Amino acid sequence: GHYLAAQAGLQILEAGGNAVDAGVAAGLALGVVESEYVGVAGVAPILIRMAESGEMATIDGLGTWPNAASCDYFREHHGGEVPHGILRTVVPGAPDAWITALELFGTLPFRDAAAAAIRLARDGFPMYPMMAELLEAGRGGYEHWPSSAAIYLPGGRAPEVGTLFIQSDLGAMLQYMADEEQAAATKGRKEGLQAARDAFYRGDVAAKIVRFQEENGGLLAADDLANYRATVEQPLRVRFGDVDVFGCGPWCQGPMM
């Protein structure tokens with residue numbers, strides 16, 4: 001969706017990574033350069049086919065509802081509706097999905113896959129028309145959350161096209177995950193990836209998420225984050241003429257497609 005994300009993937013291929021490493025790098029970069037659309041801490045449905053073996057897998061990367069959320073809760077407190085706002089929060093599934101893809105099918109560490117995303121968040125990138133228009137259109141939503149408005153509406157308005165757009169907190173979060181991986185890397189690649197995962201779901205990032213939830217009436221708790229793992233399964237398959245079409249499961253639009 002954005003040339004800087006495509007470039008991030010290409011740079012990984014040029015550095016010797018495989019297509020999964022490149023896909024993770026591009027996906028993380030999209031979470032920076034299209035962050036009004038693609039959340040680094042959002043969702044990341046993934047479908048993989050390994051060229052040499054033909055092995056296939058889907059990684060849901062969706063996240064689950066908090067344990068405190070239930071149909072009964074929303075019937076009792078909100079007339080059976082899930083209201084707009086923080087009560088729609090699910091566990092962020094994307095970070096674990098990307099790391100799971102690297103762990104099972106990739107070759108590089110998280111810090112390499114996240115390098116472009118870290119740089120683009122920390123140093124910024126030129127604001128472009130589509131993102132500027134979407135931020136202006138969503139101004140009311142961003143204004144409701146001061147911490148969001150500080151990033152997406154600097155000076156009280158959407159950034160102008162061509163200006164440098166910096167997301168320093170996002171860059172710092174990704175760098176923290178990479179640093180935690182680096183510290184554990186002497187134990188092995190798998191241990192390093194687990195350290196990056198723990199940095200988000202059990203470390204400082206999780207603590208900030210839980211604190212924000214508690215301060216604003218959310219339901220997401222530390223246990224919800226600590227116990228989350230993406231689901232890996234076989235894709236759906238249907239024959240269409242002489243073509244096999246594969247898709248993700250009923251946790252996404254796969255069956256409808």
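Positions are given from 1, in the same order as the sequence printed here. Keep in mind that what you see is a predicted model, and the values were worked out from it rather than measured.
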- Query: So Leu219 and Trp65, side-chain contact (heavy atoms from CB on, under 4.5 Å) or not? Walk me through it.
  - Reply: CA-CA 9 Å; Leu219 300 176; Trp65 284 101; over 6 Å; no

- Note on the structure: From the list Val32, Leu30, Val33, side-chain contact (heavy atoms from CB on, under 4.5 Å) with Val38 holds only for Leu30

- Query: Of the non-hydrogen atoms in Val91 and Tyr201, which two are nearest, and what is the gap between them?
  - Reply: CG1-CE2, 4.1 Å

- Message: Closer than 3.5 angstrom, by distance alone: can the side chain of Glu181 be matched with the main-chain N or O of Phe110 as a donor-acceptor pair?
- Response: yes

- Item | Non-hydrogen side-chain atoms of Phe200 and Pro92 separated by less than 4.5 Å | yes

- Message: Checking the side chain of Thr58 only, and the main-chain atoms of Glu233 only, is there a donor and an acceptor separated by less than 3.5 Å?
- Response: yes

- Message: Please give me the minimum heavy-atom distance between Lys187 and Glu191, naming the atom from each residue.
- Response: O-OE1, 3.2 Å

- Run the side-chain contact (heavy atoms from CB on, under 4.5 Å) check on Asn216 and Trp145 step by step: do they pass? CA-CA 10 Å; Asn216 293 277; Trp145 302 100; 3.7 Å; yes

- Query: Would Ile166 end up clustered with Met127 when hydrophobic side chains under 4.5 Å apart are linked, directly or stepwise?
  - Reply: no

- Hey, any chance Tyr3 and Leu134 share a hydrophobic cluster, counting ILVMFWY side chains that come within less than 4.5 Å of each other, even indirectly? yes

- Query: According to a 4.5 Å side-chain heavy-atom criterion applied to Ile, Leu, Val, Met, Phe, Trp and Tyr, with indirect links allowed, do Ile12 and Leu4 form part of one hydrophobic cluster?
  - Reply: no

- What class does the angle between the rings of His2 and Phe125 fall in, given that below 30° is parallel, 30 to 60° is tilted and above 60° is perpendicular? perpendicular

- Over all atoms of both residues, closest heavy-atom pair of Ala69 and Phe74: CB-CE1, 4.1 Å

- Query: Are more than 12 heavy atoms from other residues, nucleotides or ligands located less than 6.0 Å from atom CZ of Arg239?
  - Reply: yes

- Note on the structure: Scanning both residues in full, the closest heavy-atom pair of Arg189 with Leu102 reads NH2-O, 2.7 Å

- Does the Asp224 side chain pair with the main chain of Ala221, one donor and one acceptor, at a distance under 3.5 Å? yes

- Message: If you compare all heavy atoms of Met173 against all heavy atoms of Val40, which two are closest, and at what distance to 0.1 Å?
- Response: CE-CG1, 3.7 Å

- Distance col, row Leu153:CG vs Glu143:CD, nearest 0.5 angstrom, shows 6.0 Å

- Considering only heavy atoms from C-beta outward, does the side chain of Glu36 approach that of Met131 to under 4.5 Å? yes

- hydrophobic_cluster_shared for Leu236 and Met56, side chain cutoff 4.5 Å: no

Name each donor-acceptor pair under 3.5 Å that joins a side chain in residues 19-28 to protein atoms two or more places apart or in another chain, with its distance.
unit_1 : atom_1 : unit_2 : atom_2 : d
Asp21  : OD1    : Thr107 : N      : 2.9
Asp21  : OD1    : Leu108 : N      : 3.2
Asp21  : OD2    : Asn18  : N      : 2.9
Asp21  : OD2    : Thr107 : N      : 3.2
Asp21  : OD2    : Thr107 : OG1    : 2.5

- Message: Once rounded to the nearest 0.5 Å, what's the spacing between atom CD1 of Ile86 and atom CD of Glu214?
- Response: 10.5 Å

- Task: Compute whether any side-chain donor of one residue and acceptor of the other, for Ser35 and Gln167, lie under 3.5 angstrom apart.
- Result: yes

- Do Val90 and Thr64 touch side chain to side chain, with heavy atoms closer than 4.5 Å? no

- Would you please test Phe165 and Glu160 for side-chain contact (heavy atoms from CB on, under 4.5 Å) and show each step? CA-CA 9 Å; Phe165 184 57; Glu160 295 182 3; over 6 Å; no

- Scanning both residues in full, the closest heavy-atom pair of Ala101 with Ile46 reads CB-CD1, 4.2 Å

- Item | Inter-residue atom distance Asp169.CG - Arg122.CZ, 0.5 Å rounding | 14.0 Å

- Give, for atom NE2 of His84 and atom NE2 of His144, the distance between the pair rounded to the nearest 0.5 Å. 11.5 Å

- Please say whether more than 12 non-hydrogen atoms of neighbouring residues, nucleotides or ligands are located less than 6.0 Å from CZ in Phe246. yes

- Note on the structure: Applying side chain to side chain contact (heavy atoms under 4.5 Å, CB included) to Ala185 and not counting sequence neighbours gives Arg111

- Message: Counting only heavy atoms not in Arg88 (residues, nucleotides, ligands), do more than 12 fall under 6.0 Å from its CZ?
- Response: yes

- Message: Strictly distance-based, threshold 3.5 Å: is any side-chain N or O of Tyr176 a donor or acceptor partner for the main-chain N or O of Asp204?
- Response: yes

- Task: Could you tell me whether Glu136 and Arg139 make a salt bridge, using a distance below 4.0 angstrom between a side-chain N and a carboxylate O?
- Result: yes

- Task: Could you please spell out the steps behind the side-chain contact (heavy atoms from CB on, under 4.5 Å) verdict for Trp98 and Ile59?
- Result: CA-CA 9 Å; Trp98 296 129; Ile59 305 172; over 6 Å; no

- Would you check if Cys248 and Asp60 make a side-chain contact, meaning some heavy-atom pair closer than 4.5 Å? no

- Task: Could you tell me whether a side-chain N or O of Asp96 sits under 3.5 Å from a main-chain N or O of Ala230, the two making a donor and an acceptor?
- Result: yes

- Calculate, to the nearest 0.5 Å, the distance between atoms CZ and CD belonging to Arg237 and Gln234 respectively. 10.5 Å

- Query: For the atom pair CD1 (Ile99) and CZ (Arg229), what is the distance rounded to the nearest 0.5 Å?
  - Reply: 9.0 Å

- Derivation of the salt bridge (charged side-chain N to carboxylate O under 4.0 Å, His left out) call for Asp123 and Arg119: CA-CA 6 Å; Asp123 301 336; Arg119 184 181 70 254; 5.6 Å; no

- Query: Has the side chain of Gln213 got a donor or acceptor atom that lies under 3.5 Å from a matching backbone atom of Leu220?
  - Reply: yes

- Task: Give a yes or no on whether Ile151 and Tyr128 share a hydrophobic cluster (residues Ile, Leu, Val, Met, Phe, Trp, Tyr; joining criterion: side-chain heavy atoms under 4.5 Å apart).
- Result: yes

- Thinking salt bridges, do Arg197 and Glu103 make one under a 4.0 Å N-O criterion? yes

